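Working notes, beginning with the structure itself.
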Amino acid sequence: MNSEEEFYDAVTGFDSDNSSGDFSEANHKAAEMLDLDPHQSNRTGKHNGETEIQENGIKRHRTSLPAPMFSRSDFSVWSILKKCIGLELSKITMPIVFNEPLSFLQRITEYMEHIYLINKACSHADPVERMQAVAAFAVSAVASQWERTGKPFNPLLGETYELTREDLGFRFISEQVSHHPPISAFYSEGLNKDFVFHGSIYPKLKFWGKSIEAEPRGTITLELLKHNEAYTWTNPTCCVHNVIIGKLWLEQYGTVEIVNHSTGDKCVLNFKPCGLFGKELHKVEGYIQDKNKKKLCMIYGKWTECLWCTDPTAYEAYKKNEKRGGEQKKPKPSEDVIKSENDEADDMPEVQDTVQFIPGSKLLWRINCRPPNSSQMYNFTSFAVSLNELEKGMEAILAPTDCRLRPDIRNMEDGNMDLASKEKERLEEKQRAARKERAKDEVEWQTRWFHQGTNPYTGTPDWLYSGGYFDRNFSDCPDIY
């Protein structure tokens, strides 16, 4: 049976439903149920059911999946792809063993793992410091993909995912708004009315024989409401190598331009390709310039490790000395520098990095350590481990289209690979049958929470949040599972 399932690779105005900013009783109960906190030092290994409460009132959530990752050693991606050379990758069906037990909508939610950077941007009075924090957030958003070579499940048309984190101060909703081409729309807002973060993603996939490349499409927008500022950008290109033979590895490359549409400031970040000898692997270099194109600061680091900024003069002097072959010591930033920059992320553990530190630089961001058993959990971060957790009573609160209720993902997470594969096939067939029925009746698919429109800052086509999700009226949601 041929499937038309999309082949996702491992890439990837404030319209509050309660204008007063207050939660209704139903919303408050939902927030309590959906408030996940994977960063606590005291954690539980519980998978489902009731969540333990710490003395400080913050919930503990699982730090491991119900079952370890299934071995892929006996399977070959090439055995699938060699039959599809010259065909559209959107027509390829991959065996479930190459998946990870998350939907692509949940993968998008991982943008919020380093939300403290948005909080930093909101708190800064200086627009340059705000741009630095936004740049760090844009880089951190792709950091969770490091070593994540598993393919997230393709969202079904109409599938949704929500996450409310009262401890981190945000709520998030996403919807699969199109099947061909595959488009995922998302919207997040600060519970204190301090920011709005939204966008739509539809990567264009290319198969190069030994690698699969995902070119990002769609605009990402961050609005800092206190400062009346809006920033827009697109993600870098993601590429997975050695799909035929060898160990899979991933890189990000391309130029990311972050534009502040209020001040005219721009941040240009160059995600460098690996190069012939791997010297540039994972490196990010760039700068922030004002509306007159004057460089205000330089940014450097690795998207897999950390990001620093420094004065343009110091940066250029360092680079000139490097080109002359001058002896380059590798000074370490002082503990005071690191501590002062991470005072809003006290739970962020120490990570050894390989970035050449330029004296006088300021730390913008550092990646979180992953759980010690991460390699047995699809290389998930602690944040990712919590995303598909289904707590007792949650089904009564979630929309029936929420990813957590997908039986194929749930069975894969539980280690039931055969049943997961059968459920995946059943869901795909159900989706095809529904599409045929709509075509027969000449009925167009209607999205529930987003609508097509124009990005108010770039003027490009975008999917905009229609509002109403957190009122929790799910009576007209489609039956997709």
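Since the model is a prediction, treat every value here as computed from it, not as a measurement.
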### Query
Of the non-hydrogen atoms in Val355 and Cys306, which two are nearest, and what is the gap between them?
CG2-SG, 3.7 Å
### Message
Holding to salt bridge (Lys or Arg N to Asp or Glu O under 4.0 Å), I want the full list of residues that pass it with Arg130, two or more places apart in sequence or in another chain.
### Response
Glu229
### Message
Do Ser200 and Asp462 pair up side chain to side chain, a donor and an acceptor below 3.5 Å, judged on atom types alone?
### Response
yes
### Task
Could you verify whether a donor N or O on one side chain and an acceptor N or O on the other, from His198 and Glu223, lie under 3.5 Å apart?
yes
#### Entry: Centroid-centroid under 6.0 Å between Phe357 and Trp308 rings
yes
### Message
Whether the side chain of Arg410 engages the backbone of Leu405 through a donor-acceptor N/O pair (distance < 3.5 Å, no angle test) should be reported.
### Response
no
### Query
How would you list, by chain and number, every residue that makes a salt bridge (Lys or Arg N to Asp or Glu O under 4.0 Å) with Lys430, sequence neighbours excluded?
Asp479
### Query
Does His261 have any ring pair (Phe, Tyr, Trp, His ring centres under 6.0 Å) partners at least two apart in sequence or in another chain, and if so, which?
Tyr457
## Note on the structure
In short, Ser140 meets Leu117 closest at the heavy-atom pair OG-CD1, 3.8 Å
### Task
Kindly say whether the aromatic ring centers of His451 and Trp463 come within a distance under 6.0 Å.
no
### Message
If only side-chain N and O atoms count, and only distance matters, is there a donor-acceptor pair under 3.5 Å linking Glu175 with Thr447?
### Response
no
### Task
Kindly write out the residues that satisfy side-chain hydrogen bond (donor to acceptor under 3.5 Å, both in side chains) with Thr221, not counting sequence neighbours, or none if the list is empty.
Asn455
### Under 3.5 Å side-chain donor-acceptor pair for Ser361 and Tyr300
yes
### Message
Taking Glu285 first and then Lys272, would you say they form a salt bridge - that is, a charged N and a carboxylate O separated by under 4.0 Å?
### Response
yes
### Query
Hey, what do you get for CZ (Phe380) to CG (Asn388), rounding to the nearest 0.5 Å?
8.5 Å
### Message
By the definition ring pair (Phe, Tyr, Trp, His ring centres under 6.0 Å), identify the one residue from Phe137, Trp365, Phe383, Trp303 that meets it with His114.
### Response
Trp365
### Message
For Phe450 and Phe186, I'd like to know if the aromatic rings sit close, meaning centre-to-centre distance below 6.0 Å.
### Response
no
### Task
Taking the six-membered ring for Trp and the single ring otherwise, decide whether the centroids of Phe195 and Tyr231 are under 6.0 Å apart.
no
### Query
Side-chain donor-acceptor pair under 3.5 Å between Tyr161 and Arg404, yes or no?
yes
### Task
Answer yes or no: are there more than 12 heavy-atom neighbours, outside Asn228 itself, under 6.0 Å from its atom CG?
no
### Task
Would you kindly say whether Tyr253 and Glu251 are connected by a side-chain donor-acceptor distance under 3.5 Å?
no
## Note on the structure
Output for pair (Thr237 OG1, Gln252 CD), nearest 0.5 Å, gives 8.5 Å
### Query
Any ion pair linking Arg148 and Glu110 (charged N to carboxylate O, less than 4.0 Å)?
yes
### Message
According to salt bridge (Lys or Arg N to Asp or Glu O under 4.0 Å), who are the partners of Glu159, at least two apart in sequence or on a separate chain?
### Response
Arg406
### Task
Working to the nearest 0.5 Å, report the span between OG1 of Thr263 and CG of Asp290.
8.5 Å
#### Entry: Side-chain donor-acceptor contact under 3.5 Å, Asn235 with Tyr111
yes
### Message
Please enumerate all residues that pass salt bridge (Lys or Arg N to Asp or Glu O under 4.0 Å) together with Glu129, with sequence neighbours excluded.
### Response
Lys362
#### Entry: Exercise: identify the closest heavy-atom pair between Thr234 and Thr219
CG2-CA, 4.4 Å
### Task
Kindly give the heavy-atom pair with the smallest separation between Ala230 and Ser262, and that separation in Å.
N-OG, 3.9 Å
### Query
Are Lys266 and Glu257 close enough for a salt bridge, meaning some N to O gap below 4.0 Å?
yes
### Message
Donor-acceptor check, side chain of Glu162 to backbone of Ile173, threshold 3.5 angstrom: yes or no?
### Response
no
